[in-house]
Amino acid sequence: MFRLRLFPTVVACATLHPLFSPDAYQLLHPTKLNCWQGYGLTHFWTPDRIDSSVVFTRYGQNAWGTGGAIAHEISPTFIGLSFNENQNVGGVVSECIDYVGCTYWGAEARIRGAGAFGANYAARFGGGALDIRYPVKVSLDLPYGANGTNVPDLGDIFTIGSSWSVNTMKVLSSPGNTTTTTPFLGSTGPYAQAFVDLVAYFDGAARGRICVHDCLAGGPSFDFDKSREILGLSREGDGVVRVWGSPVTKGSPGELAGGVIKYYANLPVLNATGGLGADLKTLTTSTQDQLAGIGIGIDEIVTQLLGVPMNGSFGFSFAGEYIGVGYNIFDAAAWLNLLIRQQTSFVGKPMIDLEFSSPVQVCTGPGPGQCGPDTKKVTFEAGTSIQLRNTGAQLLGVVPTYRLLGTATNDTDLPLTGEVNLSALGLTSTLGDLGPLVKDWKKTFDIASIDLLAKTFGVNFEHSVGGAFNMLFNKPEGVSASIGSAALTYWDIAQWSGCFALTAALCGQTPQSQVIGFYPFLDAPTPDDPDGVQYALDQQLFACLAGLLRFGCDEDIVLALIDERRFLPLVLSSPRALDDENGSDVYLNLLAGLFTPEYEVNPGISDEEVARNIAALREAFAPQPFVVPPAPMPAPGTVALLVAGLAVFAVRRGVSRSAH
């Protein structure tokens, strides 16, 4: 079933053509939104402005260049020596008599050994990603005046202007559900996870059996299974560096020379979110984190020089209770800290492609001689204008496509800072604390900054096809031209997400797709229509849609006049949602533009150690704890096999000598 969809959307600043009658205006703006598959004639009056809201989304962009984010994983792997061997010597025979039983004679020995000595390792790392959402409002300024004036004649040069801005939009993402779509830039920095474990495993047994009528069996067995972490980099997804199983982060630094030298290493988490900058068109983020540091324990140096501990405690037990006192003469350290800082930005430049149902000419000056050849597609940058000339059709259908040319910048550097901290003159006891008189005094200062990377690169977006519209032109006396083609919209019911199950008022609130094309009017009777019936119907349909007929143009008549076989599909328009503020359409290059990725963003450098959590945008950026696999089943041909073979050889030589 096909239906003409008469759009209820009223474009901002839209005015009626002088030929439109109030009755025709009411016809073209029904109050009920029907949910049918069919055609729609969009913006077929003469608006002076077309406003389109478009949300451009690019999630998972490589933070360092064009293309998608880079990630790599090395599966858990074992390297080293492994074996699994069994050897038997001798044998046992049996003799059985019916109804009497069996006897066994002989001797045998068996040794078994399996083991692995080496290391397990695995790694997972990625280069970081950018997530960009850029909602823009693009306006096309058509040549018509506020009261139906300035309607261009066929052959005149007219101007289509444009403007754009980055806007926050409230859209109905699903029936009854409003989503606020804001400008958004999220960045995740490079991440790494790895571990190296020493593995030592052995399981062995020696068993023997001697049989003289009956058998006696026995023998020892032994095993051990040990592992030790050599290096762990964010093994649990926590950003902690471990050496020989011990963390060496800022919160628990490693120490040398009795605490005189301190050090730490940290896997930074450079996750950040941002929004519009001061120019209202650039998105920015900024974050930094600690990378490594080396320090000197001043109080430990004084302790070693004077032989008097600068910090200590003593106490005793009395009546089952411990009574203790702690003191702090002073606790001081000086640090050199290496940080990593990342600043990202993004700015977009919308482009407009206009596809026309009939050829137009692009002009560079006021005269027809300054116009180029006929074309059906023109391109220009949003915020600029374009001069055109239409010579072939009184009705000109237009389908706009919006594209975004994006530029991202990643500026990463390594600041080097100094830090001195001091706490002094304090007592602690089971009865209470006194002081310290100097508490957590800290002085920080910048030393230098090393530029690590500054890169600018392009970001590609899917284009977004907007709502079609039509332009009317006056036909001067003596000018020969066709009526032209109307821009139609064909709605595919399969794209409407179960619209029939919804009420009529909610049908337009679901993201949906539509196919846009042109409906050409006959300019003269054709050989297949010798009586001119279809030509006459086209004249009546054009008159109805253009508002030339005051009466007799109700919806059923308009539907009856359309010959669906002549609809020329052009493009599949983008998914769209309904604007919650004014009921207009919001076009989406991706449905993901309705949603914001969830981040766990750290506040950057602070006085205290902060928890390290990596943002979970998608599975590739959600590090999980590594599971160390069991030592693999060893392969033959190792040194251990030679040892087992020598043992078997020794047993055989012993048996041979005893036989002699």
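Numbers for residues simply follow the sequence, beginning at 1.
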If we count only N and O atoms by modelled type, under 3.5 Å, do the side chains of [X] and [Y] hold a donor and an acceptor together?
{"X": "Glu419", "Y": "Asn337", "answer": "yes"}
{"X": "Thr284", "Y": "Ser345", "answer": "no"}
{"X": "Thr287", "Y": "Arg341", "answer": "no"}

For the atom pair CZ (Phe380) and CD (Gln387), what is the distance rounded to the nearest 0.5 Å?
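Taking CZ in Phe380 and CD in Gln387, the distance rounds to 12.0 Å.
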
Which value, rounded to the nearest 0.5 Å, describes the distance between Tyr121 atom OH and Thr77 atom OG1?
4.5 Å

Work out which heavy atom in [X] is nearest to a heavy atom in [Y]; give both atom names and the distance.
{"X": "Ser162", "Y": "Leu140", "result": "CB-CD2, 4.2 Å"}
{"X": "Ala424", "Y": "Phe330", "result": "CB-CB, 3.7 Å"}
{"X": "Leu422", "Y": "Ala332", "result": "CD1-CB, 3.7 Å"}
{"X": "Ile340", "Y": "Leu270", "result": "O-CD2, 3.8 Å"}
{"X": "Asp289", "Y": "Pro268", "result": "OD2-CA, 3.5 Å"}

[X] side chain to [Y] backbone, donor-acceptor under 3.5 Å:
{"X": "Gln304", "Y": "Ala257", "value": "yes"}
{"X": "Glu255", "Y": "Val260", "value": "no"}
{"X": "Thr407", "Y": "Val347", "value": "no"}
{"X": "Tyr587", "Y": "Gly467", "value": "yes"}

Go through the steps to decide whether Arg133 and Thr181 satisfy the test side chain to side chain donor-acceptor pair (under 3.5 Å), and finish with yes or no.
CA-CA 9 Å; Arg133 185 176 61 209; Thr181 303; 5.5 Å; no

Expected list for residues 448-459: side-chain donor-acceptor pairs under 3.5 angstrom, two or more places apart:
residue: Ser449; atom: OG; partner: Asp413; partner atom: OD2; Å: 2.9
residue: Lys455; atom: NZ; partner: Trp64; partner atom: O; Å: 3.1
residue: Thr456; atom: OG1; partner: Thr409; partner atom: OG1; Å: 3.3

Considering only heavy atoms from C-beta outward, does the side chain of [X] approach that of [Y] to under 4.5 Å?
{"X": "Val54", "Y": "Ser464", "result": "yes"}
{"X": "Val420", "Y": "Trp441", "result": "yes"}
{"X": "Glu381", "Y": "Ile352", "result": "no"}
{"X": "Thr303", "Y": "Ile301", "result": "no"}
{"X": "Leu276", "Y": "Val166", "result": "yes"}

Go through the steps to decide whether Ser423 and Asp440 satisfy the test side chain to side chain donor-acceptor pair (under 3.5 Å), and finish with yes or no.
CA-CA 5 Å; Ser423 176; Asp440 298 331; 4.9 Å; no

Phe461 and Phe346: aromatic ring centres closer than 6.0 Å?
yes

Relative to the ring of Tyr134, is the ring of Trp164 parallel (under 30°), tilted (30 to 60°) or perpendicular (over 60°)?
tilted

Salt bridge Arg58-Glu462, side-chain N to carboxylate O under 4.0 Å
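Looking at Glu462 together with Arg58, the answer is no, because their closest N to O distance does not fall below 4.0 Å.
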
If the threshold is 4.0 Å, N to carboxylate O, is there a salt bridge linking Lys170 and Asp579?
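Here Lys170 does not pair with Asp579 in a salt bridge, since their nearest N and O are not under 4.0 Å apart.
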
Show your working on side chain to side chain donor-acceptor pair (under 3.5 Å) between Asp446 and Thr417 and close with a plain yes or no.
CA-CA 5 Å; Asp446 297 331; Thr417 66; 5.7 Å; no

Derivation of the salt bridge (Lys or Arg N to Asp or Glu O under 4.0 Å) call for Arg403 and Asp353:
CA-CA 8 Å; Arg403 296 180 289 116; Asp353 299 328; 2.7 Å; yes

Given the options Asn421, Ile298, Asp299, Asp331 meets side-chain contact (heavy atoms from CB on, under 4.5 Å) only with Asp299

